[in-house]
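Got a structure for you, written out below as structure tokens; questions coming shortly.
Numbers restart at 1 for each chain; the letters A, B, ... are given by sequence-line order, proteins then strands.
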Number of protein chains: 2
Amino acid sequence: MAKAYERIADELRDAIRAGQLGPGDRLPAETDLAARHRRSVPTVREALRLLQDEGLIEKQHGRGTFVRKPRTRVLRTNLRHQWEKNRAREPEQERLRTGATEHATGLQVNDLVFHASYGEAKADKSLAEAFGVAEGTTLVERVYRTRYAVETAPFALVSSYLIRDMVAENPDLLDETKEPWPGGTQSQLLTLGIELDRIEERVTAHPPTPEEAEELELPPGTSVIVLRKISYDTDNRAVEISDVTLPGDRTEMLFTTHLERW
Amino acid sequence: MAKAYERIADELRDAIRAGQLGPGDRLPAETDLAARHRRSVPTVREALRLLQDEGLIEKQHGRGTFVRKPRTRVLRTNLRHQWEKNRAREPEQERLRTGATEHATGLQVNDLVFHASYGEAKADKSLAEAFGVAEGTTLVERVYRTRYAVETAPFALVSSYLIRDMVAENPDLLDETKEPWPGGTQSQLLTLGIELDRIEERVTAHPPTPEEAEELELPPGTSVIVLRKISYDTDNRAVEISDVTLPGDRTEMLFTTHLERW
DNA sequence: GAGTGGTCTAGACCACTGT
DNA sequence: CAGTGGTCTAGACCACTCC
């Protein structure tokens, strides 16, 4: 015989999947569900927790339990990399007109980039390995959030790293007041004579840590996508690394691979 | 004042992050934790559930609660697509020698592909849109699981679709007994004169449904990566679509984007 | 059999939302 | 204020693992 809380959860899940309970609808109160199934309230709460962990429902203290609405998805595509590379050689005036984020996500200029912090950091083991330098090497670090204007929750947390000694020739790159860099990183790297050859992106997913949940305003029942982007120049050196944390329930990534013709 | 279960969870999480409790270590019994914090057992269980949802711990009925070990990760890279394309034109004997999965994941031939089902299906709305055909169009459907030999849990659930009318010219493609297709899909498409131009992969992440959790043997506190791969031929037609479900805690995806030289 | 986590009860009281 | 979910108690009994 199935457990009581599973039976309650199954009944509600079926109702949601069948559309008897649509997005935004309120579920019966916990006391009602308990009475209907002749179970205690904690048992009902156990059932609701299952559905919450699956991302199907959302609880609102004092108001009730609701079927979750799908959130607006943001598309992130690797076509942006070639676009940014082309853009890097355009006149500065043209570059200032449009930001890279809008193009990458398909959204308009309502997007905002908040510059949160800028400074130096020492390479930890993972960064040192990726850059191919010694642990403890000094890096330039930028940390920022990307936010969709009509919502409060950011849709990306980004930490971006450069090797300080490599970029020291251009003082603008070390000058905090020059933020945000007009034309993006590729344009700035060009001032150092650096041309990018390829970009590697590693993607994993996991449930959010409490810190990630708070920063991305993630409700229980969502996942986090972690992306590490490594840019290599034409000498095959790793010149820039970005760690990006994305909310899984509102991010869609599109990678296009072009194949050589026969 | 912080809630009791949060304080207990914080204490344990700190101990794990600091390394006082390492991977595989057993946590104190729930009754012990309750006594130490002068709280009831359900309160302690609430704290443990938090950590479980974060993927930090794993409960084993009758044995105890343990700090989770990171699972062996499987790397999936888009370099495989070019590799498979090159392979498609090699002699059949050579193609039979190695499977595509081994190369794609970096694992050896211990991998197994279980063919679970093979048949026809009608295009639902999402597939019809992606293929650019009418809803209800007949498709050839293959459903299979990829498993790592030394573990019981599969690391991928795959549903692969072709348009039946497009592949009908080659009876081998409709013949179940010819499975697994020697040389992979690209090799078979070549027999129809179809050459692939590019591959699009869309990636999202979400918490597992009960069905996914069961099939992939996912413990609570893991995410699922969903990947839809669309292959386009040189006439820009979508010729093959695969929906791949991957366990988030053991999958790493690597996408390399090559940029045009200046 | 001893020890562990899993399920469940029947309540109490608190905190938040809306009227 | 009434109604909702959030936290917590003090126990009971079951199911599983290991010795």
Side-chain angles (χ1 to χ4, degrees), chain A residues 1-13 16 21 24-69 152 210 213-214 217-221, chain B residues 1-13 16 21 24-69 152 210 213-214 217-221:
Chain A
M1 167 192 145
K3 298 143 207 165
Y5 70 91
E6 281 183 353
R7 273 188 286 106
I8 300 173
D10 287 348
E11 180 186 304
L12 291 168
R13 184 165 37 234
I16 292 171
L21 285 167
D25 285 358
R26 217 198 75 184
L27 272 62
E30 297 180 345
T31 46
D32 289 358
L33 287 170
R36 184 184 316 170
H37 289 88
R38 300 172 189 285
R39 294 288 160 175
S40 69
V41 168
T43 299
V44 168
R45 291 178 60 77
E46 185 73 21
L48 293 179
R49 183 177 347 250
L50 272 187
L51 301 178
Q52 194 175 16
D53 287 347
E54 291 164 24
L56 272 180
I57 62 170
E58 183 177 354
K59 294 183 148 202
Q60 294 183 33
H61 194 169
R63 304 217 319 124
T65 303
F66 300 84
V67 180
R68 261 180 74 186
K69 296 177 188 166
T152 66
E214 196 189 354
E217 291 179 29
L218 291 173
Chain B
M1 166 194 144
K3 297 143 209 167
Y5 70 92
E6 281 183 354
R7 273 189 287 105
I8 301 173
D10 287 347
E11 181 187 304
L12 292 168
R13 183 165 37 234
I16 292 171
L21 285 168
D25 285 359
R26 217 198 74 183
L27 273 61
E30 297 180 344
T31 46
D32 289 358
L33 287 170
R36 184 186 314 173
H37 289 88
R38 301 174 188 284
R39 295 286 161 176
S40 68
V41 168
T43 299
V44 168
R45 291 177 61 77
E46 185 73 21
L48 293 179
R49 180 171 358 242
L50 272 187
L51 301 178
Q52 193 175 17
D53 286 348
E54 291 164 23
L56 272 180
I57 63 171
E58 183 178 354
K59 294 184 148 200
Q60 292 183 33
H61 194 169
R63 302 216 321 122
T65 304
F66 301 84
V67 180
R68 262 180 72 187
K69 296 178 188 165
T152 65
E214 195 189 354
E217 290 179 29
L218 291 173

Practice item. On DNA chain C, check which nucleotide each of B/Lys59 and A/Val41 is closest to and give me the residue with the more 5' one. Key: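 This one resolves to B/Lys59.
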Point to revise | OP1 or OP2 of D/dT9 under 4.0 Å from side-chain N/O of B/Thr43 | key: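 Answer is yes, contact under 4.0 Å.
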Review point. Could you state the CD-C1' distance from A/Glu6 to C/dT7, rounded to the nearest angstrom?
Key: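 Checked: the CD to C1' distance equals 11 Å.
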Review point. Is the shortest distance from a Lys or Arg side-chain nitrogen in A/Asp10 or A/Arg13 to a carboxylate oxygen in the other one below 4.0 Å?
Key: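 Result for this pair is yes, salt bridge flagged.
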Exercise for review: In whole angstrom, give the distance that lies between atom CZ of A/Arg63 and atom P of C/dG18.
Suggested key: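 That distance rounds to 5 Å.
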Practice item. Return the value, rounded to whole Å, for the distance between atom CZ of A/Arg45 and atom P of C/dC14. Key: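 Atom CZ in A/Arg45 sits about 17 Å away from atom P in C/dC14.
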Practice item. Starting at CG of B/Leu56, measure out to CG of B/Leu27 and round the result to the nearest 0.5 Å. Key: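 Rounded to the nearest 0.5 Å, the CG-CG separation comes out at 10.0 Å.
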Practice item. Can you tell me the distance, in whole Å, between the CD atom of A/Glu30 and the P atom of C/dA15? Key: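 Checked: the CD to P distance equals 17 Å.
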Practice item. Write down the distance between CD (A/Gln60) and C1' (C/dC16), rounded to a whole number of angstrom. Key: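 Interatomic distance, CD of A/Gln60 to C1' of C/dC16: 11 Å.
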Check your understanding: Quick one: B/Lys3 NZ to C/dC16 P, roughly how many Å, whole number?
Key ->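 Distance check: B/Lys3 NZ to C/dC16 P gives 9 Å.
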Practice item. Check whether the aromatic ring of A/His61 stacks on the base of C/dA15, taking stacking as ring centres less than 5.5 Å apart and planes within 30° of each other. Key: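 Stacking is present between C/dA15 and A/His61, given that their ring centres fall under 5.5 Å apart and the planes under 30°.
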Exercise for review: Report which part of the nucleic acid B/Arg49 touches: base, sugar-phosphate, or nothing (heavy-atom distance under 4.0 Å, all strands).
Suggested key: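 It contacts nothing in the nucleic acid.
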Point to revise | Whole angstrom value for the distance that separates C1' of D/dG11 from CZ of B/Arg39 | key: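 Atom CZ in B/Arg39 sits about 17 Å away from atom C1' in D/dG11.
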**Study point:** B/Tyr5 side-chain N/O to D/dT7 phosphate OP1/OP2 under 4.0 Å
**Key:**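 For D/dT7, OP1 or OP2 has a side-chain N or O of B/Tyr5 closer than 4.0 Å.
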Check your understanding: Roughly how many Å is it from CZ in B/Arg38 to P in D/dT9, rounded to a whole number?
Key ->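 To the nearest whole Å, that distance equals 13 Å.
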Check your understanding: Salt-bridged, B/Glu46 to B/Lys3, with N to O below 4.0 Å?
Key ->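 No, no charged N to carboxylate O under 4.0 Å.
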